[in-house]
Amino acid sequence: MVASTSLNVVPEDPTAYKTQEYWEERYKKEDSNTTFDWFKTYADLKPLLNEAIPSKEAKILMLGCGNSTLGEDMYNDGYKNITNIDYSKTVIDNMKERCADKPEMNWLEMDIRDLKFANESFDVVIDKGTMDALMCDRGDVWDPSEELIKDVKGEVDEVERVLKVGGTFLFFSSGKLPYAVAQLDRISKLCTDVNRVQSTLKKQALLAQSPDCHSTLKRIYNPHLRHHVSAKTILKYMQTHTITANSSYDDLNKLLDDLSSRSLTGHAACEATGSFYLTYCKTEEHQNIFWRILDKNLKMGVSIKTICRLLPMESMSVALAASSASFNLSDPWYVSQKLDGIRCITVIRQSNAKEQHDIQFYSRTGRSFQSLQKVKTNIQKRLHELSIKDDFVLDGEVCAYSSDMKHEDFLKAMGQVRRYEEMENPIYQVFDRIRLDQFMQGKGDQLFSQRQKELESFLGTESLPHIKKVAQTRLTSLEQLDQLKKHSIEKGWEGLMLRKDVAYEGKRTRDLIKLKEWVDAEYIVKSIETGLMRMPDTGENKLVLTNVNIEHKGYPVGVGSGFSMQSRIDYAQNPERIIGKPITVRYFSESKKENGAISLRFPTVKAVFEDGERDV
DNA sequence: TACCGACAGTGGGGTCGCAAT
DNA sequence: ATTGCGACCC
DNA sequence: CACTATCGGTA
C-alpha cells in the first residue's frame with residue numbers, strides 16, 4: 001500500500017476538506033491501495049481503544065472512514081463487528097474490495113449528518129478526524145458560521161440517536177489551532193511561567209525549554225526590528241474604524257516583519273494589526289500577549305541581554321562611564337572635557353578593493369548615522385596618506401557649536417546628526433581608538449595610554465577639518481583635579497571625564513567616571529500623575545505615582561526619577577500627602593527651546609517635605 | 001555576611017521622520 | 001501647514 | 001540622561 005504524501009493532495013482552499021466533491025475527486029485520482037490518516041495510527045491509539053471498548057463483540061460504527069487503515073487494524077485486533085461509512089462512493093467501493101477478506105465488516109456510502117440506521121443500534125461510534133474535516137472553515141473556530149454549527153450539530157445528534165443507551169462515542173480530533181493562535185498561546189504560557197519565577201537563572205532555563213518560541217522571541221527582542229505602531233494606537237484606531245476579523249496573515253512573525261520593514265504603515269498598519277487581533281485574539285490571555293508583543297514589552301523580567309545569552313544575535317556595546325566612584329590616586333588617571341554632543345563610534349574597515357575603505361558611523365546603541373559625510377571624507381583622506389592596514393574603531397562625540405564656537409550646542413547636534421542630510425559643520429571629538437576585533441569582543445589588551453599614542457599617530461600633528469583629538473591631562477594630585485573642576489565650570493563645560501589607564505572594556509565601568517555639577521532647588525508639587533508599574537519582586541502590575549509636575553520660572557516640568565517604589569505606591573493612594581508640598585529637585589541645567597520655553601535637564605527628586613518630615 | 005556588578009524597568013527634555021488631518 | 005506618535009538622542 | 005530594585009557571585 002502507498003501512504004499518500006500530503007503534498008499532492010492538499011487543496012488550495014482548505015475549506016474544500018468539508019466538501020464531498022473534494023474527497024470524491026481525490027479518491028478517484030489516487031491509487032485504490034492508497035491509505036491516509038490525518039494523525040495517529042492504530043498503534044498509537046490501541047491502548048486507549050482497548051480500554052474504551054473492552055468487548056471485542058461490540059457493534060462499532062466508523063464515521064467517515066476514508067481509506068484509513070484504522071478499521072482494518074481494529075478488525076485484526078479482534079473487533080469484527082465494524083460498520084464503516086463515508087460519503088465518497090469511490091472510497092467505499094475501493095475499501096470493500098480491499099477488505100474482501102474481512103466478511104464481518106460493512107461498507108456503506110452515507111452522510112454522517114443523515115444516518116440510515118435505526119435508533120440505538122450501535123455500542124460504539126468512532127470519529128477520527130472526520131469532524132475536523134467538517135470544521136475546516138477558514139479563519140475563525142471561535143466564531144463559527146451558522147452552516148458549520150448546523151453540520152456539527154447534525155453529526156452529534158445522529159450519533160446520539162444511533163447509539164445504545166450507555167454506548168460510547170469516541171471522538172478523536174487533532175485539536176489543531178490556527179497557527180497564529182498557537183504561536184500566541186505558546187508565548188503567552190511561556191511568558192506567565194517566566195514572570196512567575198524571580199530567579200534569572202530559572203527564567204533562562206524556562207526560555208531554553210521552549211524552542212518553539214525562539215524565533216518569535218528573537219525578533220521581539222531584536223532592538224533593530226521596531227514595529228512603528230503601538231497597542232495604544234491600534235486600540236484608538238479600532239474605536240473610530242470598523243475592522244473585520246478576516247486577517248490575511250496566518251503567521252504572527254510575518255505580520256511583525258511587515259510592520260518592521262514598513263511594508264505596512266499608517267492606516268494599513270492599523271488595519272492589518274487590528275484585523276489580526278480580532279481574528280486570532282479571542283481570549284483575554286491572547287489579547288494581552290498580543291499587545292505586549294506589539295509593544296515589544298513582554299513584562300516578564302527578561303530583556304535583550306538574557307535573550308542574547310540563549311539566542312545570540314548581533315548587538316553592539318560600548319564603553320560607558322559610571323556617574324561617580326571613589327578612585328585611588330595611586331592609579332594613573334587621565335582627565336578630559338566631557339563633551340555635550342552625541343556619541344559616535346566610527347568603524348573603519350580596510351577593504352581589499354584598492355583605494356576604498358569602508359567607513360560607518362554608529363550611535364551608542366548601534367544605529368547608524370548618515371549625516372557625517374564631511375567627517376568621512378577627512379578620515380578617508382587620512383587613511384590614504386598613511387596606508388594603514390588593520391581595521392579599527394574611533395570612539396568620540398559628534399558636536400555642533402554655537403556661533404562663537406565656544407560651547408557645544410547639544411540641541412543643534414541632535415537636530416542634525418540623526419537626519420539623512422549632511423550635517424553642516426560636525427566636529428568629531430575623538431577620545432579613543434580601539435582595534436576592531438577587540439572592540440567587537442568588548443575587551444582589549446592595549447592600555448588607554450597606548451591607544452592614545454595610536455590615535456595621535458592616526459590623526460597626525462596638523463589639525464584635520466571636522467576631526468579633533470580630545471585633550472587628555474595626566475592627573476597627579478587631588479588639588480589638580482579641583483583646579484580642573486574649577487576650570488571646567490569657568491569654561492561652561494558639561495563636566496569632566498576621568499579615565500583609568502586600563503584596557504578597553506565595552507560596558508559601563510568604574511574605570512571611566514563622569515563628573516558633573518548639579519543644581520538643587522525646591523519646588524511645590526502642582527499635581528501628580530499615576531499609572532501601572534511592574535513590581536520587581538512579584539511581577540504584578542500596580543497603580544503607582546509615575547511623576548509629579550512642578551513649575552520652573554512659570555514653565556511646567558515633570559519629575560519622575562528618584563522615587564522609591566514604596567513611596568510611589570503610597571503617594572498614588574494618598575495624593576494629598578505630596579500635592580502642594582515642597583520637594584527638592586536636582587537637575588543639571590536649564591534647557592531653552594527655540595520658542596523660548598524653559599525647562600530642566602535631567603531632573604530628579606531628592607526629597608519630599610510632607611509636613612516637615614522628609615521622605616522620598 | 002556584606003558588598004558589588006549586571007539586569008530590568010521606571011522616569012525626564014528634546015528632535016527627527018512619517019502619516020493623517 | 002499642523003498634529004500626534006514612535007523612535008532615539010541625551 | 002538619572003534612578004531604584006533584585007539576583008547571584010565574590011570579597
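The shown structure was predicted, so the numbers you read here are calculated from the model rather than taken from an experiment. So you know, we letter chains A, B, ... as the sequences are listed, proteins then strands, and number each from 1.
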Practice prompt. Could you please name the option among D:dG8, B:dG17, B:dA19 that lies closest to any side-chain atom of A:Arg419?
Written response: B:dG17
Worksheet entry | Check: A:Tyr280 ring centroid to A:Phe290 ring centroid under 6.0 Å | no
Worksheet item: Among D:dC1, D:dA5, B:dT10, which is the nearest nucleotide to the side chain of A:Arg508?
Response: D:dC1
Discussion item. Under 4.0 Å from OP1 or OP2 of D:dC3: is there any side-chain N or O of A:Ser323 that close?
Written reply: no
Practice prompt. Give a yes/no answer on whether the side chain of A:Ser564 brings an N or O atom under 4.0 Å of OP1 or OP2 in D:dT4.
Written response: no
Practice prompt. Would you please confirm or rule out a distance under 4.0 Å between OP1 or OP2 of B:dG5 and any side-chain N or O of A:Arg510?
Written response: yes
Item to complete: Ignoring backbone atoms, test whether A:Thr306 places a side-chain nitrogen or oxygen under 4.0 Å from the OP1 or OP2 oxygen of B:dA8.
Response: yes
Worksheet item: Which of parallel (below 30°), tilted (30 to 60°) and perpendicular (above 60°) describes A:Trp493 and A:His487?
Response: perpendicular
Discussion item. Looking at B:dG12, I'd like to know if its phosphate oxygens (OP1 or OP2) sit under 4.0 Å from a side-chain N or O belonging to A:Asn547.
Written reply: yes
Practice prompt. Report yes if a side-chain nitrogen or oxygen of A:Lys606 is closer than 4.0 Å to either non-bridging phosphate oxygen (OP1 or OP2) of D:dC3; otherwise report no.
Written response: yes
Worksheet item: Rounded to the nearest Å, what distance is computed from the NZ atom of residue A:Lys203 to the P atom of nucleotide D:dT6?
Response: 13 Å
Worksheet item: Has A:Lys236 got a side-chain N or O lying under 4.0 Å from the OP1 or OP2 atom of C:dG4?
Response: no
Practice prompt. Look at the side chain of A:Tyr221 and the backbone N and O of A:Val302, then say whether any donor-acceptor pair between them is shorter than 3.5 Å.
Written response: yes
Discussion item. It should be established whether A:Arg418 places a side-chain nitrogen or oxygen under 4.0 Å from OP1 or OP2 of nucleotide C:dC10.
Written reply: no
Fill in: Options D:dA2, D:dG8, B:dG14, nucleotide nearest the side-chain atoms of A:Ser591
B:dG14
Worksheet item: According to a strict under-4.0 Å criterion, is A:Ser363 in side-chain N/O contact with OP1 or OP2 of C:dC9?
Response: yes
Discussion item. For D:dA2 and A:Lys514 - does any side-chain N or O of the residue sit under 4.0 Å from the phosphate oxygens OP1/OP2?
Written reply: yes
Practice prompt. Check whether any side-chain N or O of A:Ser210 sits under 3.5 Å from a backbone N or O of A:Cys213 as a donor-acceptor pair, and report yes or no.
Written response: no
Worksheet item: Start at the 5' end of DNA chain B and walk down; is the nucleotide closest to A:Ile307 or to A:Gly266 reached first?
Response: A:Ile307
Worksheet item: Given B:dC7, is OP1 or OP2 found less than 4.0 Å from the side-chain N or O atoms of A:Arg309?
Response: yes
Discussion item. When you measure from the side-chain N and O atoms of A:Thr365 to the phosphate of C:dC9, is any distance below 4.0 Å, counting only OP1 and OP2?
Written reply: yes
Worksheet item: For the side chain of A:Ser275 and the backbone of A:Ser247, is there at least one donor-acceptor N/O pair under 3.5 Å apart?
Response: yes
Worksheet item: Quick one: is A:Lys507 getting a side-chain N or O under 4.0 Å of the B:dA6 phosphate, OP1 or OP2?
Response: yes
Worksheet item: Does B:dG12 have OP1 or OP2 sitting under 4.0 Å from an N or O in the side chain of A:Thr604?
Response: no
Worksheet item: Do A:Ser561 side-chain and D:dA2 base share a donor-acceptor contact under 3.5 Å?
Response: yes
Fill in: Nearest-angstrom distance from the residue atom CZ of A:Arg367 to C1' of B:dG17
15 Å
Practice prompt. With DNA chain B as reference, determine whether A:Leu532 or A:Lys412 sits nearer its 5' end, using the nearest nucleotide of each.
Written response: A:Leu532
Practice prompt. Using the salt bridge (charged side-chain N to carboxylate O under 4.0 Å, His left out) rule, take A:Arg196 and A:Asp193 through it: C-alpha gap first, then chi angles, then the decisive distance, then the call.
Written response: CA-CA 5 Å; A:Arg196 228 191 318 258; A:Asp193 288 350; 3.1 Å; yes
